[in-house]
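Right, one structure below, let's go through it.
Sequence lines set the chain letters: A, B, ... in the order given, protein chains first and strands last, and positions in each chain run from 1. Keep in mind it's a predicted model, so treat the numbers as computed, not measured. All values below come from the heavy atoms of this structure, side chains included, with hydrogens, waters and symmetry mates left out.
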Amino acid sequence: MVCVCVCVCVCVSVCQVPVAEGKSVQQTVDMLHKKLEQLGAVKQGNFWVDCETYQATGNATGQPTKLLYVMHNSETPLSSMALFEGGPGLTADANFDVLMVKLKSHFQNAKGHKVESRGTRYRYCDFLVKIGTVAMSSSARGISVEVEYCACVIPGDCWNLMKEFMQSFLGSSTPELPAVFTSKAEGLYAPVDCMDTMSQYLELFGKVRKQQVLAGSGVR
Amino acid sequence: MSGGPAVRVSIESQCERQVQEVSLDGLETYVPPLSMSQNLAKLAQRIDFDQSSDSEQDGPERESREPWSKPEPEEDEGAVKFQPSLWPWDSVRNNLRGALTEMCVLHDVLSVLKEKKYMALDPVSQDPIQTPQVFQLISKKKSLATAAQLLLKGAEKLNKSLAENQEQRRQRDFNSELLRLRSQWKLRKVGDKILGDLSYRSAGSLFPHHGTFEVIKNTDLDLDKKVPDDYCPLSVQIPSDLEGSAYIKVSIQKQSPDIGDLGTVSLFRRQPKAKPGKTWHVKLEAAQNVLLCKEIFAQLSREAVQIKSQIPHIVVKNQIISQPFPGLQLSISLCHSTGEKRSQRASPEKSKPDDHLYVLEHNLHQLIREFHKQTLSSVVMPHPASAPFGHKRLRLAGPMAYDKAEISSLQQSEGLLEKIIKQAKHIFLRSRTARTIDTLASRIEDPQIQAHWSNINDVYESSVKVLITSQGYEQICKVLSFSVKRP
């Protein structure tokens, strides 16, 4: 059951959109929704992505404790993904969470560090856009935008198209090519994995967590 | 060959004479050759006087003569062996003398006979043996009587065993009946009662009916009276709600339903064979059929209520009505007759005798059986204790990160009702297509239209080959092949 497999996935780019000046998170999200609807996208339900942090215990040699992140995605409702930051990742059944409970002695759940992103799904022809509010311990910290191009699995072939599409509604906040794609051995021409999506989300959540120092001021 | 020098070949005649002795100085002394008279004597010795020249005709005579003549030549040879110095003509002389003696005797006898005074020739009288007829008759009678007795004994034995068998069959031992019942139905003993299971639960059904029947011993046999033909020492008691017989009536009507007519389809079209003394086999089968029909109807009505569709299905009492097409009404009803009330056979049903679509009823039975099989199929069972029920491939959904589209493609999405409505739609569309093509073909004279419907169809797809030809132009021919696909 616990095996790493290559699965056919779609090309996904996850980025963080900065909250507009003078507006709250919700308002920025609504703005984005309106832009998408003007573009002609159709709302297609909701989505959520969450991430739990587990700390590996038993490291007595003074090394920094390794953090294991267990993530879930509503697009793959029966799977759980477990990854180390920058390290190997694992796709497993939903029972993996129960397994983590059993491994309480080795991995402790850092409950305060759970981050999740919830929002709506929009579909525009071959593109799936998911705009979510990133929240940590029920306080909104930021906005995540996931753009998925369903027709292609190789980022090198469609990155330009995706960038153009994102520019049409994100404007200046369009991200650059995610590092996940460039860091692969075959470069841009390797087919993507759901792990790549999750790594991107992890990066984003990591950034959001670091931002928590400044989050006291409300709006960044 | 005239090649080399000539070779001298010397020829020696074979030594014809035997060597008598070889002297010390190498000189061989030959046995002097036999003179003419000696040679003749040797040859004469070899004559066998007992063997005549035409030996085939005298076969039996020769053989009869042989036993007492055989020792003769042996004696002669023995005599010759033991006394080689005897005159070689001795045996010849003896034989000739013996022959002469015999000839003289024969001559004397014949001459005496000729006189007919002291000897006469008379044939040997051969009286036929005349056994009395009475004796023959008696002996034949006796032998026949013995044979008849044997046969009668055998027949008696067979008759006895046959009678025993018949008697046994008529009485029909309870235990042997129970054995027969057990070979076809599941039985178990609870306390002092024997219960059986006629539900489809072991075949994969999830219907909550218990389907238990009880086996009862018939002890009301009156041994004094004659045993009735259909007597059975074993009888079964089926649950009261499964009595009688049932079937699912599926029909398509053109008009829209009249609300007042709903719920009145409880009429039985078929003649129920309600014999009071049905054997247990027939009873159990009928009860099982009723149970299956109830399950089918329960499943259909559940889906009709739960599944949201554009035109809602109406469920009234024992009838489900839905509209596959506007103006077309599909009604599925459960007709269950307990067999006692026969007076309710009202006539409106008789007006449309062919309304019932047997095909769809059969398909319903098939679908529910498929549904049963799915719960027991090898795709589902055996499964690991921690995995949920469902298709085997769903267990891979986690590690392979299947998205929602892939997951839904693995799961069953269509229920019984949807399937049967689709099949009904297909039947209707197919008949309408056929009618349209036929009308066109009869109306249009040029070009000619021919339709060949395929024999092999699916429940959701049929195919027809339409040939459009123009008379006189063999080259111009258009072939249309299309299928009525599921909507």
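For the salt bridge (charged side-chain N to carboxylate O under 4.0 Å, His left out) condition, no pair includes a residue of residues 319-332 of chain B, sequence neighbours left out.
Within 6.0 Å of the CD atom in Q108(A), the count of heavy atoms belonging to other residues, nucleotides or ligands does not exceed 12. Heavy atoms of other residues, nucleotides or ligands lying less than 6.0 angstrom from CZ of F371(B) number 12 at most. No more than 12 heavy atoms of other residues, nucleotides or ligands shown are found within 6.0 angstrom of NZ on K373(B).
Heavy-atom proximity under 4.5 angstrom to chain B picks out E75(A), T76(A), P77(A), L78(A), S79(A) from residues 75-84 of chain A.
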